[in-house]
Each structure stands twice: as C-alpha cells, then as structure tokens.
Protein chains: 4
Amino acid sequence: MRKSNKILKREAILNAAKVAFAEKGFDAALLQEIADRAKLAKGTLYLYFNSKEDLFLSLIEDELDKFIDITETVCKESCHSIEKIKMLIKNIVRHFEVNKEFFCIFTPERAGFTKTHHPEIRERVIPKYRKGINLTAKIMKEGIKEGKIKSLDPILLAYALSGLINTLIAKWLLDEGKVSLEKSSMVVTTIFLDGIKTDNEKKTTTETRRT
Amino acid sequence: MRKSNKILKREAILNAAKVAFAEKGFDAALLQEIADRAKLAKGTLYLYFNSKEDLFLSLIEDELDKFIDITETVCKESCHSIEKIKMLIKNIVRHFEVNKEFFCIFTPERAGFTKTHHPEIRERVIPKYRKGINLTAKIMKEGIKEGKIKSLDPILLAYALSGLINTLIAKWLLDEGKVSLEKSSMVVTTIFLDGIKTDNEKKTTTETRRT
Amino acid sequence: MRKSNKILKREAILNAAKVAFAEKGFDAALLQEIADRAKLAKGTLYLYFNSKEDLFLSLIEDELDKFIDITETVCKESCHSIEKIKMLIKNIVRHFEVNKEFFCIFTPERAGFTKTHHPEIRERVIPKYRKGINLTAKIMKEGIKEGKIKSLDPILLAYALSGLINTLIAKWLLDEGKVSLEKSSMVVTTIFLDGIKTDNEKKTTTETRRT
Amino acid sequence: MRKSNKILKREAILNAAKVAFAEKGFDAALLQEIADRAKLAKGTLYLYFNSKEDLFLSLIEDELDKFIDITETVCKESCHSIEKIKMLIKNIVRHFEVNKEFFCIFTPERAGFTKTHHPEIRERVIPKYRKGINLTAKIMKEGIKEGKIKSLDPILLAYALSGLINTLIAKWLLDEGKVSLEKSSMVVTTIFLDGIKTDNEKKTTTETRRT
DNA sequence: CATGAATGAGGATTCATTCAT
DNA sequence: GATGAATGAATCCTCATTCAT
C-alpha cells in the first residue's frame, strides 16, 4: 500500500528538520534550510505544520513514539526481565546508532524540560517521555516481582538505565565514532545488571556462567 | 580580603547569565535580560566579555572549573576508591542541587559537542570537560589497581557514573524537586557500586555488613 | 518591452539609496530611510542586495557605468578630438545637472580611494573609474596624434578635465544652483581647450574665427 | 616661547584626529582611536572639544587657515599675477604633499557642503573656504587688470585652479605616490596658465621663451 | 585637570510568518 | 495545493557622551 503524497511530504519535512535541529538546535536551525533539504518551498512547510515550534514538537513526538514502540515490543517478549533489559539496551543503542540526530535534539530539550520557554512541550512531549520511562519501569517491576532485581524504585531504575545509555551515546559521539558502540554497550549492560541484580540472582548468573 | 569591584561585577554578570541561559538556552536568552538581572547596562556586558558567545563559554568554563575542583578535592582524600566514589557522587549531587541552572546549560551543550555551531567550544570547553572525566577515571583506576573495581575501561566507568548522576538530576528537575534528591542519590550510588565492584569486594562489603 | 518587476524594484532601491547616501554619506544614511523612500520594508532590501555596503557599491557601479556610456558614445562620434572634448564636457555636465546626488556620493569616495575602509571598493569601483579615465584619455591621444593637443600625458589630461568639471559642479552646488551651469561650463571648456591646444591649432582656431 | 601645555594637547588631539578622520571619515573614525593616538584618555577629549563634530569642524577650520595663510602670503608677494599663480600652485601642492590627510578629509566634505547633515558646517567652514577662494580670485583679478589673464569670472578661475590641483592630488594618491607630484604639477600649471592667458600674454611668453 | 568605567540610544541584519499568485 | 517575495519585529553590538573619582 503506497503512502499518500501528503504523508510522504510530511515525512520529508520531518527528516529534513531532524538533521537541521540536530546540527544547530531549535533557534539556530532555519526553516529555509529545512525547506531546501526537503525540496519544498519555505511556505509549504506551513501547509503541514502550524509553526516552527509545532514542527519541532511534532518531530520529537514522532521520534519518541519510535522509542515507545521499541520498548513496548521488548515488553511483550516472552523472556524474563533480565533478558528483556539486555534486549532493550541493545535495541535502543542500535536505534540511536542510526539516528544520532535525535539524540542531539532530545537530550538538550530534556535538560530544559522544567523551565522551557516552549510551554507546549509540557503537554505534547513530557507525557510521551514519561510513557517510555513507565514502560521501562514495568520491566523493572517484573524483575523485582521475579526476585531477580533489587527492590528499588522501578521508575528510578528506568531513569538509571536511560542515563547510562545516554552517556554511552554522548561519549560515542564525542569520540566521533572511533570506539565501537557495541563494546561499550556491553560494559554498560554489565554494570547496570550487576548493579541492580539481587544477590540471589547474581549467584544464579554466576553458576549459570560456570556451567 | 575583599574582591575587587571589577571581579564582583564579572561575577554578577555570570550569575545573571547562568539564570538566563538556563531558562531559555543560548539563542533565546537576551543580553538585555542578563544586563537587567545584573543591574548593569547592556553595553557594560561588553566591558567584561567580548560577545554573547564569549560570555556563554566563559560561564561554562567557570562552572566546569568548579566540578574539576570538586573532583580534585575528592581525589586527594586519603580514603580508598570506593569511598571516594561515594564522596564524589555526594558532592556533585549536592553541587547540582544548589546549581540547577548549570545542569540546564551544560547538558544540552554537551549533547551537541560534535556538531556545535560555536566553534570555540571545542577549544575552550571540551578540554575542561575531558579533564573532569579523566580525574574521575583516575579514581576508577585506583579502584581497579586495589582490586576493588572490575577491570573495565576507567574512562567508560567515569562516563557511566556521570551519566547516572545526570539522569538523576534530570529526573529530579522533571519531578520539580518533589522527590528527595538525597534518597535517589543513594539508590544510584548503590547501583553503580554494585555494578562495578569485583566479586571479591562485594563479598567483603557483605561480610562487613554482616559483622 | 516592460521592465520586470524585479528590476523595477531594484532601481527603486538604488534611487532611494542615491538620495540617502548623497544627503548623509554612507555611514549616516539609514537603511530604514532608504526602504521608506523606496516604499519597501527594510528586510526587502536584503532580497536585492547583500548588505548596506553591497548596495552602496552597486549604486556606484551603476552610476559609473552611465559615465562610461557617455564617454564611449562621445568616443564613437565622427568629429575630431577637440569637438569630442567639447561634447564630453557638455554631456557630463548635463548628466550631473540632473544627477547631483551622485556627485555628492562619488567625490567623497574618490578622495578616500586609497585608504577606504570598504575593501571591496578596490575591486568593484576603482577599475570602472579608471576605465572612464582611460576612455577620456583615448580622446586626448587622438588629439595629440592629430597635432591638435599638446603632447602631454593623456591620462593626466583626462584627470585635469575631470578635475575641472568636478570643481565646476562643486561650485554650482555650493552656490545652490543660482548660477547658470551652462555658462560656467563654457568658461571651463575655454580654459581647458586653450590650455591643452598646440600653438598650431590655436592659430587655426583664431584664423577660423577671423574668417 | 613655549606653547602652553593646554595648547600642546589640543594640537596632539587635532593631529590624531586628522589621521583618524582621513583614514575612515567622520562617522567611522572613533574617538577612542583618536584618544589613543594622542596618548590621552577618551574623556579628556571633551575638555578640549565639545563633541566629535566640534573636533571635526575645529580641525577643518585650522587646516583651512593654513591654506588661507599660504594664499595670503602669495598675494603679498611683489611679483606679477602669473608668477603668483605659479607660486600658489607650488606652495599648495607642497602643502598637500606633506598633508595628504587633509585632502582626504576636506574633499569629501566639500562635495556634501550643500546638503550636509552637520548644519554647523555652513557657519564654521564654508566662510573660510570662500575666503580662500576669494583670495585666489584676487590674484586672478590682478592678472585680468594687468591684461595678462582673460577677462573671465575671477571666482570661476579660482575654482578652476583649485579643481585642477585637487584632481592632481587625487591622481597622485590613487597612484600611491608612484608618479612624481612635481612633474604632474608642472603639467597642470602649464595647462592652466595657457588656458587663462590672454593672446597678448601668450605671445609675450612665447617670445620670452624664444629669447 | 585627567581618567576610563558605565551608559543606552541607535542601527544593520536575520528570519519566522504571511499571502497574492 | 504550492510558491517565494515581502514583511517587520526582534536583537546583538557599537560608540559618543557623561561623571564619579
């Protein structure tokens, strides 16, 4: 089934915007530049988005949806929680690897969530962000119930995981991709899992390993 | 010894700038606003800084110096590495607690380090940032040598710690300070330490606890 | 054939700029004033010129082209050199008479050619100015070859003529047009021609007159 | 007799201003730059001049006075008019040769006399300029009375001479001093004198030459 | 007298947004 | 639907002028 022309153009704009916003940030990115990249006239952008801010927020919404999809898919897997966390890390890192731009767009924005001068961000973006966190927290909760994960605040665990992944991507970008993302990713996985597992589970794992 | 008038004014500007940049980001922050807050005329800013960008970068430099100071102080403590890490987390979190603004300024900037359109950032800020990371990594190296920390890339460990702290602050800001930063801080400490300790060390700790 | 809208607007801006620059000079002339006079918004100027300086230099280029045209036309006439010089003076004076503004723009600029702080002026304006001088010098050379003009440096003769015309216009402007430009123009013509003619030619002229 | 300190500083400022105004023009020249060059503080300028404009006009007044002095001195010589004109050209050219700056300041200003947005210029500068012209015209009048100069408007003759000298200096500056000023100066003298002499006088001169 | 830090009005330039075609 | 010319509000930076020391 072919996507309608309208939807194709919307996507072209969003892709162009992603690159532009990633490179320069919201204020410094130019609509002209986005239009050029999308091979459309500047005025045409307004047929698809109400304003620069609407375009920006729509982009973040769309991108966050992808993360929610990734997390939901992992949630639905039939393996146990530790396994799900490993999958989640792998999938999210892989997604960022081919989508560095969103990292450069979202991380700045998240830091300014509380005092942002884009009031709409609170309504359109924060809920989606929380949804992703909550889905991750659900996995943590499972693990706690299963006795595999320490009985800590699952939301906090979800944030911790997200923070580790974020830092990993930031380092990778700073090193300009010189270091293998996969290798560092495994280190982070180890730290996080060893950090959150119950003593019980660790032994198990160790025994499993020994087997 | 009293600070000279010149230095006092410089600091007034930097403080005003910190608030403004934190609230709106580099581009959207107005020099007029900064001048107003510093109770100076707009033109006066230019007696202390060459441009908006110079003010911005000077601010980040000064603030990063504070982090470097904190980390250096911890490095010089005479306790062992695990203890140093605990202190480091505590001191950094405490510093962010009274200095939320810098979090909102630096995190966005760090995400865009590679593609930033402030070219001077590479020379003026990134080296300082790396210095902080390296100091933290030094503590990690000590721990590894002492056999207390898993033999992982110390730089990566430093990034991991920084990522966890960052996420912690981000969550705290998002929750608008409703949750105790100290409590979450302890959770993060636990996760990180358990995640990086050698099996040996963990036993020791456990045994210690049992005692 | 009607001029395209684009070209018409460009000319409206140049005309507005001519008045403004003539009245106040480059620095003191305001783009807002130029825009108002051209019945356009300030920002619109930037659709036609890259900067205030570009507008200024474009204006001078266009105006110098008119002088070059005048001089080239005279060059191509089929009369002898003395006659051409008379025509040249008449046509240039007539052109200045309806275009006082350019005199007020170019004369100041010419005086500062060597030390100008508009570096592009060297590339964009001086060559055109020299071209005009060279065309005039060509006429002088003809006269010298014909034996009608003293064998002096033709370039210097061209400058001398230009200087006489300039001073004439300056006086006329200073007198606020109270004196007939045509009459003074004839005096200047007499002085210049009698000053440059060979003794031979002077006799001829005298004899002709006597006839 | 030593000049008072006050007068010395005033002159230092005027000299500094001359260079600055010559290089950049009235608007673009900076008081800071003038103060630096005069080795004084910026504020000190205001102890000697009321404003930037006052400094500018004072400078022009002083410089015009020098030209008036030169012209008056020539006037008082006991030779006949043609000789005086030769002396005048020589002295003025010599003065410009070591005082190029004033050329770059005054010529632009003169072109804008009529529409200038410095209203005071009319009162402070134009009268002095006219005085210089009138003194030169006086010499012309003498020549006419002596029957040596054609019976043309002496004021116009004065302007013509000034125009020729101006153009000479302008060419010299444009050529960056590559050409000898003295040589071109003689050509201009020849053109002007041959242009204005009566037939009678020319014969005399010719005969004199032949002798 | 001399200073130079502080002022703030002023202006070139940019760019999101609109709208006639 | 699509365009891109036109708009003009918004903001960084400059610099003549003032005045407390």
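All of these numbers come straight from a predicted model, not from anything done at the bench. In what follows, chains are A, B, ... by sequence order, proteins preceding strands, each numbered from 1.
Of the residues near DNA chain F, C:L45 and B:T44, the one whose nearest nucleotide (by heavy atom distance) lies more toward the 5' end is C:L45.
In this structure, E:dT14 and F:dA9 make a Watson-Crick or G-U wobble pair, each of the two defining distances being under 3.5 angstrom. E:dA20 and F:dT3 make up a base pair, with Watson-Crick or G-U wobble contacts both under 3.5 Å.
Nearest nucleotide to the B:A41 side chain, out of F:dT7, F:dA6, E:dT7: E:dT7.
Here D:K52 does not pair with D:D27 in a salt bridge; the nearest charged N to carboxylate O distance is not below 4.0 Å. Salt bridge status for A:D62 with A:K128: absent, with no side-chain N to carboxylate O gap under 4.0 Å.
Among the heavy atoms of the strands, none lies under 4.0 Å from A:F49. Counting any heavy atom pair closer than 4.0 Å across all strands shown, D:K39 reaches no nucleic acid atom. Using a 4.0 Å heavy-atom distance criterion, A:L40 is classed as a sugar-phosphate-only contact.
Residue B:D36 contributes atom CG, which lies 11 Å from atom P of E:dT7 at whole-angstrom precision. Look at CD1 on D:I34: it is 12 Å from P on F:dC15, rounded to the nearest Å. Between the C1' atom of F:dT11 and the CG atom of B:L55 lies a distance of 15 Å, rounded to the nearest Å. Rounded to a whole Å, the NZ atom of D:K24 is 12 Å from the C1' atom of F:dT14. Atom NZ in C:K9 sits roughly 7 Å away from atom C1' in F:dA6 (whole-Å rounding). One interatomic measurement links the two molecules: CG of D:D54 to C1' of F:dA16, which rounds to 14 Å at whole-angstrom precision. The distance from atom CD of C:E33 to atom C1' of E:dA12 is 14 Å, rounded to the nearest whole Å.
Residue A:Y48 places at least one side-chain N or O closer than 4.0 Å to OP1 or OP2 of F:dA2.
Nearest approach of C:A17 to C:L59, heavy atoms of both residues: C-CD2, 4.1 Å.
D:D54 meets the side chain to side chain contact (heavy atoms under 4.5 Å, CB included) test with D:F49, D:N50, D:S51, D:S58, D:R124; sequence neighbours excluded.
A:F106 CZ to A:F21 CZ: the interatomic distance, rounded to the nearest 0.5 Å, is 15.0 Å.
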Heavy-atom contacts, protein to nucleotides 16-21 of chain E, under 4.0 Å, summarised as B (base), S (sugar-phosphate only) or - (none) per nt, yield BBB---
Name every donor-acceptor pair, under 3.5 Å, that has one atom in a side chain of residues 30-44 of chain B and the other anywhere in the protein, sequence neighbours excluded.
from: B:Q32; atom 1: NE2; to: B:D36; atom 2: OD1; distance (Å): 2.8
from: B:E33; atom 1: OE1; to: B:K24; atom 2: NZ; distance (Å): 3.4
from: B:E33; atom 1: OE1; to: B:L30; atom 2: N; distance (Å): 3.4
from: B:E33; atom 1: OE2; to: B:R37; atom 2: NH2; distance (Å): 3.0
from: B:T44; atom 1: OG1; to: B:A41; atom 2: O; distance (Å): 3.3

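In this structure, the side chains of D:F67 and D:F102 come closer than 4.5 Å at one or more pairs of heavy atoms.
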